[in-house]
Engineer: 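First the structure, which I've put down as structure tokens, then a few questions once you've had a look.
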Amino acid sequence: MAKFFEQTLSKGWHFKQADDTEQAWMPVPSIPSVVHQDLLANGKIPDPFIGFNERKTHWVGQKTWVYRTSFPSPPSHPNAVINLVFEGLDTFAKVTLDGTRILESDNMFLCHRLDVTNLLKAQREHVLEIEFDSALIRAREIKDSYPDHKWVGYNGEMARLGARKAQYHWGWDWGPLLMTAGIWKVVRLEVYSVRVDDIRAEVQLSKDHQQAAVTILAQVSSNTPAAYQSVFTLRSMDDEIERKFAPIDTNGKAKAHINISNPQLWWPNGYGHQTLYEVSVSVVKNDEEYHQMSKKIGIRSVEVIQELDKHGKSFFFCVNGVDIFCGGSCWIPADSFLPGIPKDRYRRWIELMAAGRQVMIRVWGGGVYEDESFYDACDEYGIMVWQDFMFACGNYPAWPAMLDSIRREAICNVRRLRHHPAIVLYAGNNEDYQVQEQKGLTYNYEDKDRDNWLKSNFPARYIYEELLPSVIEAEAPGVFYHPGSPWGDGKPTSDPNVGDLHQWNVWHGTQEKYQTFNRLGGRFNSEFGMEACPHLATVDYFVERQIDRFPQSQLMDFHNKAAGHERRIATYLEENLRTSTDLETYIHLTQVVQAEAMLYAYRGWRRQWGDNHRCGGALVWQLNDCWPTISWAIADYFLRPKPAYYAIARALSPVAVGVQREYHDWSLSHTRPPETAKYSLWVSSSVQEEIVATVELRFISISTGSEIRESIRRHDIHIAPNGTTDIILDGIIDYSQYPEPHVLASRVWIGDRVISRDVDWPQPYKYLDLTERGLQIGESVQTGDERIIVVSAKKPVKCLTFEERDGVQLSNSALDVVPGDDQTVTITGLKAGDKPLGWKFLGQ
């Protein structure tokens with residue numbers, strides 16, 4: 001019998017353009033890769049991320065490419081099976097081994113396992129060759145072959161709907177058109193007499209959390225599976241909890257039940273520990289192990305609570321019996337060239353989220369089912385995952401072959417991901433129901449005849465409401481399934497009273513003022529955003545020529561893919577700030593607007609959590625970028641946080657004070673100020689116990705820094721657990737008595753420690769003189785690799801933002817600073833003798 005042997009085929013590959021007979025084979029540095037990376041490594045194309053080079057590489061996606069390698073026969077055994085495994089081929093691929101066609105694939109999201117035992121029996125060098133057709137051309141051919149389908153949607157060309165390929169590769173409103181091809185995941189040989197195909201762990205947690213029943217199911221591959229025995233092991237950290245032996249039936253199935261008393265639970269970030277257990281299955285014969293597989297699991301309960309209430313129908317998550325306000329972000333692929341993302345880069349993104357007090361990430365449906373290291377990091381840092389299936393912004397076809405491919409895709413990826421405790425929801429698509437509404441496609445929610453769905457001009461309903469939920473029910477029944485995002489019981493996708501909502505009437509749509517975000521939300525706000533420039537160092541990366549270094553340059557516009565971005569950025573800048581054509585100042589101004597927009601959204605919607613969970617969560621569009629660009633990301637391509645990241649982190653503090661004047665539309669009133677204004681002061685808490693605190697509100701002149709009226713201080717305030725405590729609901733500012741522009745500066749103390757601050761400013765900022773603030777950046781104190789600085793001001797300062805430097809982390813930035821309230825910032829990673837970080841503030 002042969003023990004399991006694995007050989008990764010990562011080296012020794014060459015590639016060339018299929019129709020270029022004069023071209024020599026070029027070396028491939030390493031597999032996985034895509035053709036753009038390999039052409040770049042061979043000096044055949046310029047870096048597509050710099051300048052206008054994206055345009056110079058469009059030809060790459062219109063060609064057929066061939067990859068070839070050779071390898072000797074692996075060591076084998078007469079009774080052994082040899083598999084050739086492709087974890088991912090992008091996208092239209094024909095595979096031959098020694099001239100024999102062994103695979104044709106047209107789905108980037110599928111894993112392929114091929115039995116090549118007979119082909120590799122001969123002990124010699126074997127030639128493996130893969131031909132990748134142009135996905136662009138093949139998709140267009142597919143589209144032309146089905147003229148009766150309504151090829152409608154938005155972003156990219158609609159031929160993309162017929163190809164099971166990452167949709168953002170066709171270009172999106174934040175990303176370039178880079179039509180990749182290649183061996184984008186690992187390819188390997190496996191030799192075995194028996195192997196563990198899969199492990200499935202089903203966990204039942206008692207209501208009192210004192211007992212957990214773990215059922216572990218294994219699927220084993222062998223010509224004689226019953227000749228072996230399975231060994232099931234459950235470990236916590238390095239301690240073995242239990243080991244069980246079980247027979248393997250003739251279908252290769254084995255099962256074990258293990259009970260855990262007083263289990264350590266998996267909790268979201270900020271709510272407890274992220275305890276992980278390891279389940280493993282070995283196959284043995286005569287006390288000798290032939291193969292073993294392990295996976296990490298978490299013990300937790302997750303519910304999506306949808307109940308009728310005074311606001312409509314709720315939509316929020318309950319984990320281990322605790323209701324969770326899901327403040328977080330949406331995720332797009334972290335690079336246009338997926339194999340170029342190192343595993344530690346995924347971890348750094350998730351670390352950034354966790355440090356920013358976020359608890360949920362939504363994996364968007366136009367990208368990919370992410371790398372295992374992404375989900376591992378989410379498990380370890382307590383970031384709950386809302387996982388879309390890979391459909392976005394279109395009317396997808398549903399002919400039989402397509403449905404079969406999608407079913408295999410869904411099964412493959414759900415099986416791969418289902419052990420991750422971080423995954424709490426699967427959603428059928430991104431905005432496809434919005435396409436249905438906007439394009440007038442047929443959808444009658446009351447019609448439950450599946451055949452009618454497939455015959456309609458919206459056949460993808462069958463995918464979202466029949467195919468995918470049936471896969472979840474069979475493969476991961478403990479995870480909630482949601483037909484789409486946004487979606488709510490078949491109601492219009494803009495209905496704020498049910499399901500989740502994509503709120504794009506700030507920026508897109510009616511372009512509402514961001515100060516009204518709290519009025520615009522729904523039961524769960526799974527998309528919303530505001531664009532901002534990346535940091536100057538990132539702009540300098542893609543802008544090569546000095547002549548292009550100004551805000552409205554053609555190159556700057558080229559690196560912003562959002563339709564109408566010129567008008568939208570200009571609108572929000574002109575409405576709120578004194579604008580500038582200096583590039584560095586302009587960058588900061590766009591970042592100030594984004595930070596303010598996010599503050600108004602998260603602060604207002606989190607407050608609503610305390611009102612019978614009126615808002616169950618807020619996921620900003622978007623966390624990250626796939627290339628250096630101007631977009632809605634709150635941290636740019638190089639993981640450099642924008643000010644919005646820090647604004648969100650403060651709004652998601654375990655205890656967060658909020659103060660806000662009622663909205664006054666200065667545009668409609670032709671800049672006339674109101675005679676009076678109401679204001680509110682409140683405290684939001686995610687802490688599970690009541691807290692006793694002191695809450696303060698000061699009224700500080702913007703021009704002098706003096707307090708214009710007596711401050712309000714409330715002692716022994718009992719802050720409600722996991723909710724909102726209103727301190728002042730009907731405060732009144734009488735501008736005839738206090739005409740001087742002033743801020744409302746709030747603080748919360750527990751004991752003698754300030755744990756939260758918030759400052760409300762009169763709007764818009766462009767009417768305020770914010771120069772000469774008397775800002776002091778105090779002497780720093782160095783302790784190890786940490787440097788602590790103290791910030792003070794004689795007059796209120798808006799959005800004091802520190803330079804983002806690679807390898808350096810900030811405890812806080814984008815600060816509002818008021819007189820009499822010094823703040824400290826901890827800087828990690830600056831060494832003694834390093835140049836201090838630069839800084840800017842609004843009006844500087």
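Worth saying up front: this structure is predicted, and the values here are computed from it rather than measured.
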Engineer: Ring centroids only, cut at 6.0 angstrom: are F524 and F315 within range, meaning strictly under it?
Structural biologist: yes
Engineer: Given side-chain contact (heavy atoms from CB on, under 4.5 Å), test W487 with D495 step by step and report yes or no.
Structural biologist: CA-CA 9 Å; W487 195 85; D495 191 326; over 6 Å; no
Engineer: Check D90 with K185, please: is the shortest side-chain N to carboxylate O separation under 4.0 Å?
Structural biologist: no
Engineer: Within 45° of the six-membered ring axis of W453 and under 6.0 Å from that ring's centre, is NZ or CZ of K448 located there?
Structural biologist: no
Engineer: Test F458 against Y433 for ring-ring contact (aromatic ring centres under 6.0 Å, His included), laying out the working first.
Structural biologist: CA-CA 9 Å; F458 182 48; Y433 285 97; 5.7 Å; yes
Engineer: Thinking salt bridges, do D432 and K439 make one under a 4.0 Å N-O criterion?
Structural biologist: no
Engineer: What verdict does the side-chain contact (heavy atoms from CB on, under 4.5 Å) test give for E372 and R416, after you've listed the backbone C-alpha separation in whole Å, the side-chain angles of each residue and the deciding distance to 0.1 Å?
Structural biologist: CA-CA 9 Å; E372 198 72 21; R416 177 173 70 91; 3.4 Å; yes
Engineer: Got C615 and N525 here, is their nearest side-chain heavy-atom distance under 4.5 Å?
Structural biologist: yes
Engineer: Does any part of the side chain of Q515, heavy atoms only, come nearer than 4.5 Å to the side chain of Y600, both counted from C-beta?
Structural biologist: yes
Engineer: Please report whether the ring centroid of W621 lies less than 6.0 Å from that of W507.
Structural biologist: no
Engineer: Report yes or no: is the cationic atom of R607 (NZ for Lys, CZ for Arg) closer than 6.0 Å to the six-membered ring centre of W682, at no more than 45° off its axis?
Structural biologist: yes
Engineer: To the nearest 0.5 Å, how far apart are OH in Y168 and CH2 in W627?
Structural biologist: 13.0 Å
Engineer: Walk me through it: do F49 and Y637 pass the test ring-ring contact (aromatic ring centres under 6.0 Å, His included)?
Structural biologist: CA-CA 11 Å; F49 290 175; Y637 174 76; 5.6 Å; yes
Engineer: When you measure from the centre of the six-membered ring of Y396, is the NZ or CZ of R461 closer than 6.0 Å and no more than 45° off the axis?
Structural biologist: no
Engineer: Tell me whether R138 is salt-bridged to D133, with the criterion being a basic N under 4.0 Å from an acidic carboxylate O.
Structural biologist: yes
Engineer: Regarding K561 and E54, does a basic nitrogen lie under 4.0 Å from an acidic carboxylate oxygen?
Structural biologist: yes
Engineer: Checking D404 against R408 for the salt bridge (charged side-chain N to carboxylate O under 4.0 Å, His left out) test, could you report, in this order, the C-alpha distance in whole Å, the side-chain angles of both residues, the deciding distance, and whether it holds?
Structural biologist: CA-CA 6 Å; D404 178 66; R408 288 184 289 122; 3.2 Å; yes
Engineer: Less than 4.5 Å apart, any side-chain heavy atom of F528 and any of V620?
Structural biologist: yes
Engineer: If you define the side chain from C-beta out and look only at heavy atoms, does anything of N560 sit under 4.5 Å from E531?
Structural biologist: yes
Engineer: Return the NZ to CD1 distance between K642 and I634, rounded to the nearest 0.5 Å.
Structural biologist: 9.0 Å
Engineer: For the pair D106 and R164, find out whether any cationic side-chain nitrogen is under 4.0 Å from an anionic carboxylate oxygen.
Structural biologist: no
Engineer: As a test of understanding, state which of V435, N457, T442, L161 forms a side-chain contact (heavy atoms from CB on, under 4.5 Å) with K150.
Structural biologist: N457
